[in-house]
Every structure is written in C-alpha cells, then in structure tokens.
S.K.: 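Input: one structure, supplied below.
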Amino acid sequence: MPEKTLPHETTVPEAVSTAMKSGAGKPRSLGQDAWRELRGSWLFWSSGVLLVLFIVMAAFPTLFTGVDPRQADLRGHYLAPPNWSHFFEADWFGYNGQGQSVYARTVHGARASIIVGVCVTLAVTVIGGLVGMLAGYFGGWVDALLSRLTDIFFGIPLLLGALTLLQAFTHRTAWTVSLGLATFGWMQIARVMRGAVITQKQADFVTAARALGAGTGRILFRHILPNVIGPVIVVATIALGGYISTEATLSYLGIGLQDPVVSWGVDISAAQSQLRDAPHVLLVPASFLSLTVLAFILLGDAVRDALDPKLR
Amino acid sequence: MAETAKNEEVSDVVPSTAETTAEVEAVLDAPVDRGEPILQVRNLVKHFPLTQGILFKKQIGAVKAVDGVSFDLYKGETLGIVGESGCGKSTVAKLLMTLETATSGEVFYKGQDITKLSGRALKAVRRNIQMVFQDPYTSLNPRMTVGDIIGEPFDIHPEVAPKGDRRKRVQELLDVVGLNPEYINRYPHQFSGGQRQRIGIARGLALNPEVIICDEPVSALDVSVQAQVINLMEKLQNEFELSYVFIAHDLSIVRHISDRVGVMYLGKMAEIGTDSEIYDHPTHPYTQALLSAVPVPDPAAREGRERIILTGDVPSPANPPSGCRFRTRCWKAQDKCAEEVPLLAVPEVFAGKKTLAAHDSACHFAEERDVVHAA
C-alpha cells in the first residue's frame, strides 16, 4: 500500500508556524506542569523547608548539637526544666529522668523515626499500589486471589502483627521495625488503589488508548496511574505519621527500638510516666514528631494538587 | 423533495413517492460502482456470558448483544448504523475495533480477517482503523496535555512520525480540526465539548487511518455544535478519503452524513440500503416505526402524519424471541415469523423489480410504506 500523505504535510499552515515560532507550543508534560505549579506554592515551600531541616537533622545530627544523647548525668540535671534562651545548647529543652539532654536526644532521634516513617510509607505505597493495581486492572482470578490475600492481612491488626513478627528478631534496628510495619500495613493502599483503578480502567480514554494499540504497561502507567495517584498520596502521607507513632508504641511495648537506640518513639514512651512532673520531656519529641508528620501531609497535599490539572 | 399527496395503497411496483418514474429509473440504471469493500463484516456474533457463582463460575446463559451482523463498507463512503439503545450498535463498533473478541464471525479489512489477529499484526491493522468516541468528557485523559493526547498515537506507532517531527505534526492536526495550534499545552478540561470532540477526532486522524468508526460522535454535544462537528467530519472525509462507520440514534444526522444506512434491532440488522432506500422506501416494519418517530418541525405536516406506535418493550437480548426478533412488537406478525428467521436479503416481492424498495430487508412480509412523507 503506498503511504498516503496528508495534504497539509507539504506546507506548514501559517498558524502552526507562528505557534512554533512564538514558542507557545513547546510541549510540556504533566510532570513539568506540576513542578511549575509547585514552585509557586507556599504550601510546598514551607513543608519542603521543614522536611529538609528534619532530613538534614536525621543525616547529620552533629551539625545541630555536639552533646552525646546517651551521656547521662543525674547531678543537678534530673528532670531539669528547659532553658528557652539557651539556643542549641544541651539544656535548651531541659533534661530527662536519666539526666540526658532532651535537645540532643531529639536531634539524634530524628534519624530512626524518619527512617521508619519514610521507609514504611514507601514500601507500603509500592507493595499496596502494585497489588491494588494488578487486582483492579486484571480482575478475574488475579483480583480474587489478591483481594482475599488483602482481606487476610486486614484481619491482623498492624500492632499485633508487627509485635509477633519483630519477636523473631533479637537485634532490632530501624530497618527491621520498618519491615515489620510494612508487612502488615500495605492493605489500605491496596484497597484504595484497587477501587480507583477499577473506576478508571473503564474510562473511555483507556479504551481509546487500547484502540490505538497501547500495551498494558503504557495503559497502566501513562493513563491509569496518574489518575489514581491523588487519593493514594493522601492516604500514604497521613499514614506516615501513624507509622512513626506505631514505632513509638512498639518501643513502649518493648518490642520496637530499644535503648541505647535513640528515637522519638523511645523517648516519648519513656517520658509518659513523668508527664505531670516534667511535661517538656514528652512534649519536645512529640512536637517534633507532629511537625514532621504535618510537613509530610502538607507536602502530599501540595503534590496531589499539582498533579491535578483541574485544580490549577 | 416536494410533498405530494401520498397514495395510501402500498404499491409493489413503482413507489408512489415524490420522485417521478424517470428519476427512479435514472437512479436504478446508474452503474453502482463502489469499488472494493474496505471492510467486510460477515455473521459477526458477540455473546456476553452470564455467569453464576463466585469462585467457580458457571455459565447460565448469554446476552446476545450482536447476533449475526453482516455488511460491507466501501472506500470513501459513510455507513450509518441506527437503532435504539441496547440494540448492539456500540458492540459492533467495539468488535470492528477488536476491542472485544468476537464470539464468531469475521471482519475482513482488505481481505484479512482481523478478528483472528493479535500482537504486531493487530497493531498494524489498528493504524488503519481508528475510532471517535461518544463522550468527549471521558474519552480524553484529564491528566494529559492536548499535545500528549494527540501525540500518543505517534509514541505507540513510532514509524508514523519521526521523533523530532511530532510536535509539528500535532500542531498540524490541531489546525486541521480547526483548533488553535497554540493550545498544545492545555488540558482537556480547558476546552468546551465541541472542542474536545475535535481533539478526539485529531487523535483518530493522527495515524492517517482509512476507516474511522464513530460511535455516536455527536450525541453528547449541543445541537449547534453537532452541526460544526458533522461538517468537520465531512470535510475531513473528502480531504483524506476516509470511510466512516457512523453509529448514532439521531436519524436526521445519520441521513445527512450517510451514503448507506443500516438499521439494527436487538443484535441483528433489520434493513440496509442507501439513504434514499431506507428513508424514502423503507420496507421493514421496524424501520417504518422508527422513521415515523422522527420529530417533524413543521406543525402543519405534523397534523396529518401517521405515527406508528409500537407496544411493549424491547425483549431482553439474553432471551430473544424465536424467528424474527421484531415479531413481538410487530403488527404484521404471523406464525411464520416465530418459526423462520427472516434473512437479510432483497424481499421476494421486490426481487428483480426496478424500485428503490428492492434493497436488503429482513422481513417475511416486507412492503413499502413511506412514513416520512406521509400526510
């Protein structure tokens, strides 16, 4: 068959050439548009600055304090109140019941908490997202199998499941705790994803892509994923805070991170008994935890909005 | 066409319509040269299984959405397919696009049966058969820019346009369908319904297809916008020698755009012929009933118009009536209709006669009745 040529191929229409010259027609993708949107969003910048601060704190705690978080000195330091004017000094946020600097412990505790929060959220989003996407898109026995698997895991409470699994580890680090939480935490994302994918896969634009000859990969990642990622981002960022506090709960129950590992969770659980005598020992790491979670949620919100062209 | 007094008595020799005998002779004597059919549909069947049970699914029946449909599509022509909701029009479209697997039957594209193709061969055929969808609000991915949407065919079929050339091609396509080429970075929600449908048409055109299946392309649009889109489609047809399968339920639009028209009822083709054969000389009672329901803008003409009111509902396609599908609602139905399936062929009464009523009609008791011009 001789290749047909469109009549307009020979001459570029005037409107097209002017559009090309003016540069207005420079193609952009959703990602580029989202980035342009994010750059102008105060939500993105404020949450971004906070997160960068916490991540630097997690990576290089010695930049913030030279005090050893494990050094305990009870003389004169037992539950000493904060000295709010002593910025970045050992007694800025006072001392805990062991005579350790609350400021130093909070700075050093960021690492374990942020590793657990971020790792579990990433793992859960990837596992849950994949399971939900496959179940929703392929349907049939794949869906039956994966959905029942999800239901079985849903039957196990996150805390109880992680408790049982972590029992098997004698030496527990932030990574093992992340593994324990991720194993029992992916189901919610899987459900959200499955529902969203089922709705989207019936959309006409998916049929249109199939009619063009698009493969499964292109349909899933170019057409369906960008349209279902919004609710998943929201669920994931909200859950992130939950994972950090679950890590704290596990530490409190003595099965998560343990002394001498420093983490916000360990400190918060240890400070509970002295809440009435020395609230600062609990409130300081708890505030840092809340701020981190808030920053992640705000960032998630900003990213979700930027990825939706209708909200621009 | 002038309105003339209609002879109520149905003639089986010369149709008593507006045309003079000489005009009819001229139409019938003119050599019909449509060339090679580009698409040949033979006994196309699609049954959707009805299943019971959760884990072990047992088939308890089938919805016979399309049950033995045959027609030809010639190069450069528009074949309209009309019928009420649920008659299988859209399923036919999906089968032609191989978006659904046919239960049986064949669709030949240039002599090649596309229902059996898969993989690369199917992808190659898809380049030549494209589709325009009904709802311009759901047929465009809301997260993709117009440039990405129209450019996607080139990503999937990279041989059509070299990479550096694509942006220009997309902008040309926008220009062809009457949109500003500068809109390349806009998102679908920034356009009106008519503009979105133009984007959908541009996407369909991107691969230079030969056949475009239009599944109710204007039913979701305003009446004024419908005309624009129809005119655009006619313009593009002339420009690129496209063949259209135009599925719709709006009879006047189908008449306007189609060269030939097929009438579907409950998964079967009831009648098929040129637009004049179907609209002015319908012989199938369902077509006559359908045409008598077309709104007439002239109140005076409306007064004396004959309306054929059908009783009852369309039977379930899961359990269609025996014999003729239409017999449960037909005023002419006799025992024969329940026993024998009428074939889609020129009815015996008209066989060999020089009349526009001599076209394919699946009715045992086909007779002509001009309902559109009846007064």
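Everything quoted here is computed from the prediction, not taken from an experiment. In what follows, every chain begins at residue 1, and chains take the letters A, B, ... in the order their sequences are listed.
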S.K.: What's the spacing between B/His189 NE2 and A/Asp308 CG if we round to 0.5 Å?
M.R.: 7.5 Å

S.K.: Hey, are the side chains of B/Arg143 and A/His223 touching, using non-hydrogen atoms and a 4.5 Å cut-off?
M.R.: no

S.K.: Verify side-chain contact (heavy atoms from CB on, under 4.5 Å) between B/Asp155 and A/Arg218, making sure each step is shown before the conclusion.
M.R.: CA-CA 10 Å; B/Asp155 291 342; A/Arg218 168 175 283 272; 3.1 Å; yes

S.K.: Taking all atoms of both residues into account, what is the closest heavy-atom pair of A/Ala211 and B/Leu99, and its distance?
M.R.: N-CD2, 3.8 Å

S.K.: Taking atom CD of A/Glu37 as the centre, report whether more than 12 heavy atoms of other residues, nucleotides or ligands fall under 6.0 Å from it.
M.R.: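 Yes, the 6.0 Å shell around CD holds more than 12 heavy atoms from other groups.
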
S.K.: Between B/Tyr187, B/Phe133, B/Tyr137, which has the largest tally of heavy atom pairs under 4.5 Å with chain A?
M.R.: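 Maximum pair count with chain A is reached by B/Tyr187.
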
S.K.: May I ask you to name which of B/Lys94, B/Glu152, B/Met97, B/Gln190 has the most heavy-atom pairs under 4.5 Å with chain A?
M.R.: B/Glu152

S.K.: How about A/Asp204 and B/Ser139: does a side-chain donor come under 3.5 Å of a side-chain acceptor?
M.R.: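 Judged by distance alone, the side chains do not pair up.
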
S.K.: Under a 4.5 Å cutoff for heavy-atom pairs, which residue among B/Arg166, B/Met131, B/Gln130, B/His157 has the most contacts with chain A?
M.R.: B/Gln130

S.K.: B/Thr145 versus chain A, heavy atoms under 4.5 Å apart: side chain, backbone, both or neither?
M.R.: side chain

S.K.: More than 12 heavy atoms of other residues, nucleotides or ligands under 6.0 Å from CZ of A/Arg39: yes or no?
M.R.: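 Yes - once you tally the heavy atoms of other residues, nucleotides and ligands closer than 6.0 Å, there are more than 12.
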
S.K.: Could you tell me which non-hydrogen atom of B/Pro142 sits nearest to which non-hydrogen atom of A/Pro309, and how far apart they are?
M.R.: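 So the minimum-distance heavy-atom pair works out to O-CG, 3.3 Å.
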
S.K.: Are B/Arg203 and A/Leu212 packed together at the side-chain level, in the sense that at least one heavy-atom pair is separated by less than 4.5 angstrom?
M.R.: yes

S.K.: What pair of heavy atoms forms the shortest contact from A/Arg210 to B/Arg126, and how long is it?
M.R.: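 Smallest heavy-atom distance, with atoms named: O-NH1, 3.3 Å.
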
S.K.: Give the minimum heavy-atom separation between A/Phe205 and B/Asn141, together with the two atoms involved.
M.R.: CB-N, 3.5 Å

